[in-house]
Amino acid sequence: MKKLSARRRHPLAALVVLLLALACTGGLYAVFAPADKAQADETAQSLTIEEGKKLYAVGCASCHGTGGQGTSDGPSLVGVGAAAVDFQVATGRMPAATSQGPQVPEKKNIYSQAEIDQLAAYIASLGAGPSIPTEEQYGPEGADIAKGGELFRTNCAQCHNFTGKGGALTHGKYAPTLEGVSPKHIYEAMQTGPQNMPSFPDTTLSEKNKKDIIAYLDAVNSEKTESPGGLELGGLGPVSEGLFGWIFGLGGLIAVAVWVAARTAKAKKS
């Protein structure tokens, strides 16, 4: 007993007891508190997916199949990711009209953002794919507009025009205008490559590159930005400029030539 009492009075005894108490407290917290939170998050996510599945069955399954596997009327959605769903549904491109043209146009959206998030969660559960970007990813903070312009002219201007006004493609298809398109949807389009557009994953265009491009488009399409070249003719590029040249330039020269010839003929008669 004397030996035991001496050990209890050892100078390190209080420190050992304190460390044991802290270890037990931390262990109990790790076992119980995070488990409850994780279980609650998992339950909420499961409910979101279940609601999304119901929405999918009503509005999407007839074309894309009951399990997203695709049919002759619509491609597979396994692995397209939440970003593709958010882009296609939020811009009204999906659900598509029954009679399809060369490509699905943008139209009025019929789902709320909460319903879109539910659909996106369900599709994401079918297979891994690009996630919906955060505001930090597509916001203007820290963006390099000059670099964005360089990247846009290299990768995007061939279809969307130098200022993002859009342009015609083959077989009745077209690159839509980027004016008024939300930064989130532009980012998602680059991530997922909707319809005729190629995808630009982070291995091709980094997150910073995408942010720069979005900042450039916002700058050139801002109402405060004036065209440095004067009359921009809609900003549609060489087609409209060439048409303007033929109609007004060449037409003006022909009119002057006719006027000179008429004056010369009149002078000879007199």
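Quick note: residue numbers are just sequence positions, from 1.
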Answer whether the closest heavy-atom distance between the side chains of K211 and Y138 falls below 4.5 Å. no
Between the side chain of Q191 and the main-chain N/O of A189, is any donor-acceptor distance below 3.5 Å? no
Could you tell me whether the side chain of C60 reaches within less than 4.5 Å of the side chain of L55, counting heavy atoms only? no
Hey, could you give me the CD/CD distance between Q118 and E115, rounded to the nearest 0.5 Å? 6.5 Å
Give the cluster check for I132 versus V181: same hydrophobic cluster or not, with ILVMFWY residues linked at side-chain heavy-atom distances below 4.5 Å. no
Heavy-atom side-chain proximity of K173 to Q195 below 4.5 angstrom: no
Side-chain contact, heavy-atom cut-off 4.5 Å: N209 with N155? no
Note, L47 side chain near E51 side chain (heavy atom, < 4.5 Å): no
Determine the interplanar angle of the H185 and F87 rings, folded into 0 to 90°, and report it as parallel if under 30°, tilted if 30 to 60°, perpendicular if over 60°. perpendicular
Give, for atom CE of M94 and atom SG of C63, the distance between the pair rounded to the nearest 0.5 Å. 8.0 Å
For residues N196 and L169, report the shortest heavy-atom separation together with the two atoms involved. CB-CD1, 4.3 Å
How long is the gap from SG on C156 to CG on L151, to the nearest 0.5 Å? 8.0 Å
Show your reasoning for whether salt bridge (Lys or Arg N to Asp or Glu O under 4.0 Å) applies to K53 and E50. CA-CA 5 Å; K53 186 176 182 179; E50 190 60 33; 5.4 Å; no
NE2/H64 to CD1/I123 distance, rounded to the nearest 0.5 angstrom? 8.0 Å
Charged N to carboxylate O below 4.0 Å: is that the case for K210 and E207? no
Report the distance from atom CD1 of I213 to atom CG of D144, rounding to the nearest 0.5 Å. 11.5 Å
What pairs meet the ring-ring contact (aromatic ring centres under 6.0 Å, His included) rule with one or both residues in residues 112-133, with sequence neighbours excluded? Y56-Y122
Using the rule that Ile, Leu, Val, Met, Phe, Trp and Tyr join whenever any side-chain heavy atoms are under 4.5 Å apart, tell me whether Y174 and L217 fall into a single cluster. no
Ignoring hydrogens and angles, tell me if any N or O in the side chain of T154 forms a donor-acceptor pair with the backbone of E150 under 3.5 Å. yes
Please give me the minimum heavy-atom distance between C159 and A175, naming the atom from each residue. O-CB, 3.2 Å
Closest heavy-atom contact between T91 and Q88? OG1-O, 3.4 Å
Just how far is it from atom OG of S76 to atom CG of L126, taken to the nearest 0.5 Å? 8.5 Å
Can you hop from V220 to I214 via hydrophobic side chains spaced under 4.5 Å? yes
Go through the steps to decide whether S125 and I49 satisfy the test side chain to side chain contact (heavy atoms under 4.5 Å, CB included), and finish with yes or no. CA-CA 7 Å; S125 72; I49 292 172; 3.9 Å; yes
Determine whether Y111 and V104 fall in the same hydrophobic cluster, where Ile, Leu, Val, Met, Phe, Trp and Tyr are linked whenever their side-chain heavy atoms lie under 4.5 Å apart. yes
Nearest heavy atoms of A121 and Q45, plus distance in Å: CB-NE2, 4.1 Å
For residues 68-95, which residue pairs qualify under salt bridge (Lys or Arg N to Asp or Glu O under 4.0 Å), counting only residues two or more places apart or in two chains? D86-K184
Evaluate the side chain to side chain contact (heavy atoms under 4.5 Å, CB included) criterion for residues I110 and K107: first the C-alpha distance (whole Å), next the side-chain angles of each, then the deciding distance (0.1 Å), finally the verdict. CA-CA 9 Å; I110 63 172; K107 59 184 184 296; over 6 Å; no
Apply side chain to side chain contact (heavy atoms under 4.5 Å, CB included) to the pair F162 and R153, showing each step before the final yes or no. CA-CA 6 Å; F162 291 98; R153 288 187 292 273; 3.9 Å; yes
Side chain to side chain, D218 and P183, heavy atoms closer than 4.5 Å: no
Heavy-atom side-chain contact between D212 and F152 under 4.5 Å: no
Do you know which two heavy atoms are closest between G142 and K208, and how far apart they sit? O-CE, 3.3 Å
With a 4.5 Å limit on heavy-atom distance, are the side chains of H160 and P176 in contact? yes
Show the nearest heavy-atom pair for residues A215 and A143, with the distance to one decimal. CB-CB, 3.5 Å
